[in-house]
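These notes are about the structure you will find just below.
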Number of protein chains: 2
Amino acid sequence: MGKPRINTMEELSAAIGVSRPTLSRFFQDPSLVKPNTVARIEAGLATVEYIPNFFATRLNRKSTGMIGVIIPYLNDLFFTKLLESVEIAAMEAGLTVITQCSHSDPAIEARAAETFISMNVDGALVAPLGDHSDQAVYRRLQSRLPFVMMDSRPNTMQGVDFVGTNHTQSTGLIVEYLCRIGDPPVFLAMPRVNFNALEREAAYIAKMEELGFKPQVLGTELVNEDWHFEKHGEAVLNAELSAGRLAERSILCANDRLAIGAIRAATRHGLFPGRSKEGGFRIAGHDDYPLCPNINPSLTTVAQDTDAIGKKAVSRLLQKISGDLSDDTPEISLFDGSLMLRESA
Amino acid sequence: MGKPRINTMEELSAAIGVSRPTLSRFFQDPSLVKPNTVARIEAGLATVEYIPNFFATRLNRKSTGMIGVIIPYLNDLFFTKLLESVEIAAMEAGLTVITQCSHSDPAIEARAAETFISMNVDGALVAPLGDHSDQAVYRRLQSRLPFVMMDSRPNTMQGVDFVGTNHTQSTGLIVEYLCRIGDPPVFLAMPRVNFNALEREAAYIAKMEELGFKPQVLGTELVNEDWHFEKHGEAVLNAELSAGRLAERSILCANDRLAIGAIRAATRHGLFPGRSKEGGFRIAGHDDYPLCPNINPSLTTVAQDTDAIGKKAVSRLLQKISGDLSDDTPEISLFDGSLMLRESA
DNA sequence: CTCCCTTTTTTACGTATGTAAATATTGGCG
DNA sequence: CGCCAATATTTACATACGTAAAAAAGGGAG
């Protein structure tokens, strides 16, 4: 529209006849200004086009009202769900979220951290890359601002606030289910690049032994260089089936994307995993990837509570930002997984 | 590490004995400073921990070196791929990317636009929401800064720079393929909330008529309120198959996620779409969603060149930012789709 | 009408850096 | 040794707003 554009608060002050400090207080919190004056300001604002400068606003405030969020990958609906949950929670708390993606590159992750520090964000939330990460980056953030890790945690980062899934519980749950209904599962793992995958593998082994079964882990060797989860799952199971193995077994995949690939391998061998057939060939996953209900067969899995994780991460960060912590012991919040029974197991 | 922390350039100047303006020039571009001095500064920087303040840096520059990017959804790997391409291209151009997601909410989209203006970003790239968007938001951005739309474009926004797919070509390509190899396809559409879907529908109809076939469009009525693409595709095809229709037809879905749902519906009716069976039941999609190769059967589709779209959007935006345009006619860049022949059709 | 309290305005300074102009320094060369 | 050019430093001001203190204005109660 043709509203006159006003660039600074000074000009605005002149235009609507209210002093600049009063305007400043109005933009921070209208309740600090007398209702009568508020009305005058709002009437004036309706007349012009003015947006306070973001940088000038933050330059001399004690709090920027921003938090930084780093996720490792964009092309994974799990992180995307987590990010959505975080962004909504932060928005409800009135925070501006600056999201950065590492794109699988530790150097980019490090740069994102620098940016956050440089922006004086009130706090940072990071879902780390796998092994590759330079953990000095996390320690740096940890030492400079309120900091919470999400999803997975390097085993060398024990003194940090963390929010994630209890993989011992979640993996135990599905191992127990698979053992209860049919054959004890083998575990389709992946190359050791992901902390969570390792935790799940360990949880699988522990639960199997607890139940008196012999654990069996597959797929820890790299299949091809720039592998994707689905391709890896498909390749590993395909090799097994081609060798005449596993056709009557249950297969627990370290995550759903591996399972999607495994299902494809099975289908190409004429096998249709399913729980209908007692004791027969079954495939299960972990995470409850959004597409699980929509594939053939739909994938039995154990859901991570991404929504709870995102909300908790934000609320914990806010708590650390506000500074009213009874003690400064790092808080580890682990949410239980829940069984999603579908067709595949 | 125990490096002393230095907060301002003034302190840094005192600490390493180089004047502040020189430091300022050094941080903007070391080549503006004599190599000898550069060495001295770098030696000093290695001794301390200093990061220039992001806000102060941008406050008084003519260019902030930032661009804003808005995408409508996070939980869709198509947008995620596009965003990745954009972020990488921008990074290579030395730009800081501020990403905001609309989360299907026009109010959030509008707020994101305000944030960009308030941040003095050098330019904005937006993939709009569907119908719901308040188009005043786009016009506002368009009038205030270099602005390029991506992916889809409201038909009322004709005077804007746009980068996307040539849906007439891409849809025509797969319609032609389907007609050539077997039965002319019916079109599985979706409720009219998405501009691209409409373009594809129109392209389908045009190509069918060109080839002398009668177009048939399904699924334009809303199935349930908070529908997802997969569920919609599944529900629509399920209804048809249950009514004894379409079992021998070819089905072209407006996008791959609909197709994934359609395949599931087919499977549950004992139908396995495939191109092996000449003239038989087939399902095809549009987009080349990353999971297409991994489902059962793998999905034949037409790929959007998200990488080219992202790169072009960034380069066009840079061109507008630099301001050296021979004329100011909006540029419309449409990339062709390419056929991805897989198992389903 | 005056006093007192609340709110606003005025004034002034702070935030961390960019930027331009004037001045000083340095190095190379004749 | 001295001059010129390149570079660095000094000085000063600019960016747009936050914030605090002092002064002024406004409004209600007595």
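First the proteins, then the strands, lettered A, B, ... as listed; each starts at 1.
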Is any side-chain N or O of [X] closer than 4.0 Å to OP1 or OP2 of [N]?
| X | N | value |
| --- | --- | --- |
| Ser24(A) | dC17(D) | no |
| Thr22(A) | dT9(C) | yes |
| Thr8(A) | dA16(D) | no |
| Tyr50(B) | dA16(C) | no |
| Arg25(A) | dT8(C) | yes |

Exercise for review: Name the closest nucleotide to the Arg20(B) side chain, picking from dG18(C), dA16(C), dT10(C).
Suggested key: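 Closest nucleotide to the Arg20(B) side chain: dG18(C).
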message = Using the side-chain heavy atoms of Arg61(B), tell me which of these nucleotides is nearest: dG18(C), dA20(C), dT9(C).
response =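 Among the listed nucleotides, the one closest to the side chain of Arg61(B) is dG18(C).
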Donor-acceptor contacts under 3.5 Å from residues 89-100 of chain A side chains, at least two apart:
from     : atom 1 : to       : atom 2 : distance (Å)
Thr99(A) : OG1    : Glu87(A) : OE2    : 3.0

Nearest-Å distance for atom pair [atom1]/[atom2], residues [X] and [N]:
| X | N | atom1 | atom2 | result |
| --- | --- | --- | --- | --- |
| Gln28(A) | dC17(D) | CD | P | 12 Å |
| Met9(B) | dT9(D) | CE | P | 14 Å |
| Leu59(A) | dG18(C) | CG | P | 12 Å |
| Met119(A) | dA16(C) | CE | P | 17 Å |
| Phe26(A) | dT8(C) | CZ | P | 12 Å |
| Leu32(B) | dG18(C) | CG | C1' | 13 Å |
| Glu10(B) | dT11(D) | CD | P | 12 Å |
| Phe54(A) | dG18(D) | CZ | P | 12 Å |

Distance-only, no hydrogens or angles: does the Ser24(A) side chain make a donor-acceptor pair with backbone N or O of Arg20(A) under 3.5 Å?
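No: the side chain of Ser24(A) does not pair with the backbone of Arg20(A).
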- Check side-chain hydrogen bond (donor to acceptor under 3.5 Å, both in side chains) between Asp29(B) and all other residues, then give those that pass, not counting sequence neighbours.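 Per chain and number, Asp29(B) pairs via side-chain hydrogen bond (donor to acceptor under 3.5 Å, both in side chains) with Ser31(B).
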- Item | First of Lys34(B) and Asn60(A) reached from the 5' end of DNA chain C, by closest nucleotide |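 By nearest-heavy-atom nucleotide position, the 5'-most residue is Asn60(A).
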request  = Measure from NZ or CZ of Arg153(A) to the centre of the six-membered ring of Phe162(A) and say whether it is under 6.0 Å with the direction within 45° of the ring axis.
outcome  =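 Because its charged atom sits under 6.0 Å from the ring centre and within 45° of the axis, Arg153(A) does stack over Phe162(A).
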Identify whether any heavy atom of Thr57(A) sits under 4.0 Å from a base atom; if not, whether one sits that close to sugar-phosphate; answer base, sugar-phosphate or nothing.
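Sugar-phosphate, no base atom in range.
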- request: Have a look at Pro52(B) and say if it touches a base, only the backbone sugar-phosphate, or nothing, with a 4.0 Å heavy-atom cut-off.
  value: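 Touches sugar-phosphate only.
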Practice prompt. Begin from the C-alpha positions of Phe147(B) and Phe116(B) and carry the test ring-ring contact (aromatic ring centres under 6.0 Å, His included) through to its verdict.
Written response: CA-CA 11 Å; Phe147(B) 176 66; Phe116(B) 290 165; over 10 Å; no
Worksheet item: Between the side-chain atoms of Arg58(A) and the base atoms of dG18(D), is any donor-acceptor pair under 3.5 Å?
Response: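 Answer is no: no donor-acceptor pair is held.
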Short side-chain donor-acceptor distance under 3.5 Å, Gln319(A) and Arg316(A):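 Yes, because at least one side-chain N or O of Arg316(A) sits under 3.5 Å from a partner of the opposite role on Gln319(A).
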In terms of the nearest nucleotide of DNA chain D, which residue is placed more toward the 5' end: Val18(B) or Ala56(B)?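 Result: Val18(B).
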Subject >> First of Asn53(A) and Gly17(B) reached from the 5' end of DNA chain D, by closest nucleotide >> reply: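 Mapping each residue to its closest nucleotide by heavy atoms, the 5'-most match is Gly17(B).
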